[in-house]
Every structure is written in structure tokens, then in C-alpha cells.
Protein chains: 2
Amino acid sequence: MNERRSEHVRTGNGTPAYRRIATELWDEIQAGQLAPGVRLPNEGDLAARFGVTRLTLRQAVIELQRLGAVEIRRGVGTFVMAPPDLVEIVASVPPARQESDATADAFDEHALRRSARPVRAVDELILSSGTATGPLADEASGHLGMPSDQLHRLDTVMVRDGRRWIANSYWFHARWAGVADLVAEHSLVVRAFTDGYGLPLGYLWRAFSAIGADFDDAETLGVPTGTALLVRDGVSAGVTGEPVFYVRRRLRGDEAKFVLRYDTERVPVEG
Amino acid sequence: MNERRSEHVRTGNGTPAYRRIATELWDEIQAGQLAPGVRLPNEGDLAARFGVTRLTLRQAVIELQRLGAVEIRRGVGTFVMAPPDLVEIVASVPPARQESDATADAFDEHALRRSARPVRAVDELILSSGTATGPLADEASGHLGMPSDQLHRLDTVMVRDGRRWIANSYWFHARWAGVADLVAEHSLVVRAFTDGYGLPLGYLWRAFSAIGADFDDAETLGVPTGTALLVRDGVSAGVTGEPVFYVRRRLRGDEAKFVLRYDTERVPVEG
DNA sequence: AAGTGGTCTAGACCACAAA
DNA sequence: TTGTGGTCTAGACCACTTG
């Protein structure tokens, strides 16, 4: 009889060592035996404890890092992570009027709620500004209904208290290329459009997806390559409904959450 | 002078070999020189070409896998991935009435649009059903306003055409524990509530975030541990507004996208 | 049977952070 | 300076897929 396979035990005997180690540590963390903030033994000692090479042990620890269970600090040690402190970006449905920048505002409010001392507001810094190329330019071109050779691309990062929270890429018609010069004055790209140019904006649509951080986003946000990011993209338009820009924001998935509240009426059935 | 550091070249000399290799292959893929579907040379040959050990080469390839650039098939080879075929789950704002299960429906429609032949509808299979424990049970308890010892947990996976698309976890009052027996008949958990129990449901709120796949989700969805997943959770309630269940869905982030269309009126300013 | 990726060892040296 | 994690080698054997 073939009785060996098809067992659903998570730490079976056919399971590789690094996976056994990772699940064992994971379970200890979930159970609270390894409390948040605790430093794990160094990799050499852990490897000895589990009877494997440091390289194998490391494979397990890196997997835990990607699950958000531990934080590895080079030259210092590996620490059990605390449950993430979620920033909730709330939008009511139907939407309330007159928000300045829902994302930036939510990060501001969140900082205010958990600090008695005054905190600095979110600031948007320009990383690069130039012509749009690559596959994403074609996508933006489609969303905006403009040929991609007329598009300008603006890359920024939103910063608060010295930490980089959100990577943003904007695509818009080259006639607006000057916004880049107004961002410093108005703190945020959106305000550079609305206040700097006097151009009222509204959503046409917003969307949510998730990706692993590529090399650029990983560097911008200070996370390991492949970290799960929440992507929020969408098109904003002027009062007459003509698209102005397509924006694609990337946030660390474990520390931000977009919430839609259905306040006014009940919406039948879903799962 | 110290001129070596602080260059922003992506393939500088201080960069580890595996990272240089990964960025080089990544750039070739982005530029289309390595077209989707193409099989890369085997790891031994690639390692020789880059002058590194197979282990080092492998570190680069695995990083590309996490970025969704390549697909590694054991015993077969490593292939450049095609741009993902996104399933768009669209909700209009304000919402339209009478959807049965927006998520499942979107996957059905998507399959219909790209296949001349009839396709099977999404089906929901029960993975486990039992009492609720762990940190997520406490969260569910808070969302529902019920003590966690009165909660029942139901884990399912949505399947279509033999592929597992969405991992779901439901928490609800133990009085509804019987839904598990109605799911097979009604295909979907939501329909087991609405049709089986005659209980109309509506959203209270929905939220979006992102996480790396943990061991269970990775197995359920057939993806590597740590893969970026889109999380859509929320609370549904009955007609009188009392919460019925909290649900937490996990989808592969690269193949699903939630879209909110603001059809009726413009919503002022955002970014 | 042949070819592919998956795991692992034993050891080495390097880069970084804190004392 | 010490201790931590980060990278890399050269080789071995195993597991899976396909013919």
C-alpha cells in the first residue's frame, strides 16, 4: 500500500527541514510563546538547535520575514514582530464631499490619534519626473484615452516623520508637466493640481490589487524585495469629466487598509 | 574621496551577485527580449553563464518568481510569465442592487468572456468547519460584537475549472453552524445564507489590504509561501442591520483587481 | 532513463551596528 | 572590537516530469 503520501500534516516527514523549522517557529509566535519584540537566538545557535546548517536555518527565518512574523536587522538580530499598526483609510459610500487627499489625510489622522505630541503632516517628495515609457505607460494611456507619447510621468514618495510610507506614480498629459514645480509649495501632488492650478478633481474610478515589491519599490519603501504591497490605482477627472491623471499608489500591505463604509443604506447580498 | 557609495545604479559593484543577475534578467523581461512563455536555460547553464554557483543563480531566479516575472516548474523548467490575466471585480458607487456574490460572479463572467465553450461556474468547497480560535477570532469577535466563544469558523475555497482561486474564512454566531451542510446544495456560502436560510444580506463595510501568503493559504491556493495576496474582508448584516458574518477572502494579487466605479456623480478631489 | 528543479552540507569571508 | 546577519562556493543527493 502507498500510505506515505497525501497526508495534510504541516510538519510531516517528507517536509523539508527549513519548512519544519519555519512552521515550528511560526506556531510558537502565533501561540504567543515567542512574544512580540523578543529577540531570537542568533542564526548559528538556532541552526545548532535544529541540527541544520546556518544556510538552511536562514531559509526558514527569511520565510518568516516574508510572512511578517519576524524582522531581521542586520548586525543586530532577528526579532518577533508586533501585530502591525494598521492605518485605516476610510471612505464612506456614497462618498462624502470635499476630501483633500484621502490617503495622505488618513496617515495624518492616524499619527495624531496615537501621539500626544504634535506630529508632522504627510509630505510628498518627487523622485523623478519625465516622459512616460514602458508597459505601465501603455496602461496609463488606455486609462486616460491619450497617446502615450503625450504622457508625462511623475514618481513621488509620501513621507511622514522621516519614514517613507507610500510610493506613487502619476501619469498625465504633458501640458501639466509643470505640477512638479508646485509640489514643494503645496506639499501634495493632488493639492498642486487643485490649489496650484485651480483644477477641481474627482474620482472616475479606484481599484485595489496586490503585488510583490519590485526592486524600485523595495528601495523606495525600505522593504525586502517581494514584500506584499497593496496597490491602489485610479483615474481622477476634472469637473467636466475629462480624465486628468492616472495614479498608482503602493503601500505596505501589512500596515494599511482601505475601508469602505456603507453608511446610508443596506446593499443586498454579497460574501 | 569616497566616491564608491551612494550611487543609485541598480547594478553597481557593491551589489550582490544574485541581485545583479536578477535585475539583468528582469530588465530583459521588461524590455521584451525574453518574451512571455520562453523557457530560460536550466539553472546549471545559467549559473555558468553568470559565473556563479547554482545556489546563487537560484537566489536570483526565486526573487524573479516572487515578482511574478517567471514561473518555476519543477522537473520542467523556468518560464517567463505572461502579463497576468486580471479578473476585475467591479462595483459601482453607489452600489447597484441585488448581486448574488460579487466576487464569485466576477470570476464567472471573466471565464465566460474569454472562452467560446461553456465554462463551469464558481463552486465553494468547505475546507474546515469548527469553533473559532486564535488571534483572528478575537478580531472577528470585535467586528461582529459577539464574544468569541459563541463564534463558529468556516473555511472554504472557491474553485472553477479545477483551479482554486479564492481562500475564504467566515466567522458567525454558532447558531448558524448548520450553513456548512447547505453549501453543497447552494454552491456558495452566501447563497446558503440567503436562499437556504432565507436571510437577506447586505454589506456593512468592506476593506482591502495585502499580505504574504502564509503556509495554509499557500497550500490552498497553490502558490509559493509569501506570494502577495489581496485581502478583502468585511461584515455582512441582515435587513435590520445586525451583523451576520465577518468574511476574509484571500486572492492572488496578480490576477484579481477590485474596481470601484463612481458612475453617478463626481466626487471632489483625491490623489 | 534523462533532464529539470529542490534541498542540504561545511566552511569561508564580508558588511553592518553597537559597545 | 565583537557579534550579528548577508553572501558565496563546490559539491552532493533527492524529487519531480517527461519521454
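Remember, it's a predicted structure, so these values are computed and weren't measured experimentally. Below, each value reflects all heavy atoms present in this structure, side chains not excepted, and no hydrogens, waters or symmetry copies. Quick note on labels: first sequence line is chain A, next is B, and so on, each numbered from 1.
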More 5' along DNA chain D: Gly75(A) or Leu55(A), using each one's nearest nucleotide?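 On the 5' side of the pair lies Gly75(A).
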
Ignoring hydrogens and angles, are the base of dG6(C) and the side chain of Arg54(B) linked by a donor-acceptor pair under 3.5 Å?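 Pair found.
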
Nucleotide [N], atom [atom2] - distance to [atom1] of [X] in whole Å:
X: Leu40(B); N: dG3(C); atom1: CG; atom2: P; answer: 19 Å
X: Ile62(A); N: dC8(D); atom1: CD1; atom2: P; answer: 12 Å
X: Arg58(B); N: dA10(D); atom1: CZ; atom2: C1'; answer: 17 Å
X: Gln65(A); N: dT4(D); atom1: CD; atom2: C1'; answer: 15 Å
X: Leu57(A); N: dT7(C); atom1: CG; atom2: C1'; answer: 15 Å
X: Asp45(B); N: dG5(C); atom1: CG; atom2: C1'; answer: 13 Å
X: Leu46(B); N: dG3(C); atom1: CG; atom2: P; answer: 17 Å
X: Gln59(A); N: dC8(C); atom1: CD; atom2: C1'; answer: 9 Å

OP1 or OP2 of [N] sitting under 4.0 Å from any side-chain N/O of [X]?
X: Thr56(B); N: dT7(D); answer: no
X: Asn42(B); N: dT4(C); answer: yes
X: Thr78(B); N: dT4(C); answer: no
X: Tyr18(A); N: dT7(C); answer: yes
X: Thr53(B); N: dG11(D); answer: no

Test: Arg73(A) cationic atom under 6.0 Å from Phe79(A) six-membered ring centre, within 45° of axis: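 Yes, a cation-pi geometry holds between Arg73(A) and Phe79(A).
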
Salt bridge or not between Glu63(A) and Arg19(A)? Use side-chain N to carboxylate O under 4.0 Å.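 Between Arg19(A) and Glu63(A) there is a salt bridge, with a charged N closer than 4.0 Å to a carboxylate O.
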
Is it true that Arg163(A) and Glu255(A) have a side-chain N and a carboxylate O under 4.0 angstrom from each other?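 Judged by the 4.0 Å cut-off on N to carboxylate O distance, Arg163(A) and Glu255(A) do form a salt bridge.
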
Could you label the plane-to-plane angle of the Phe208(B) and Phe208(A) rings as parallel, tilted or perpendicular, counting under 30° as parallel and over 60° as perpendicular?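 Ring orientation of Phe208(B) relative to Phe208(A): parallel.
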
Mapping Pro41(B) and Arg73(A) to their closest nucleotides on DNA chain C, which lands nearer the 5' end?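 Here Pro41(B) is the residue nearer the 5' end.
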
At 4.0 Å (heavy atoms only), tell me whether Val52(A) reaches a base, stays on the sugar-phosphate, or touches nothing.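 Here Val52(A) touches the backbone only, sparing every base.
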
Nucleotide nearest Val76(B) when distance is taken to its side chain, options dT7(C), dT18(D), dG5(D):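 Nearest to the side-chain atoms of Val76(B), counting from C-beta on, is dT18(D).
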
Of the nucleotides dT4(C), dG5(C), dG6(D), which has the atom closest to the Ile72(B) side chain?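 Nucleotide nearest to Ile72(B)'s side chain: dG5(C).
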
May I have the step-by-step check of side-chain contact (heavy atoms from CB on, under 4.5 Å) for Asp217(B) and Glu219(B), ending in yes or no? CA-CA 5 Å; Asp217(B) 287 346; Glu219(B) 191 188 337; over 6 Å; no

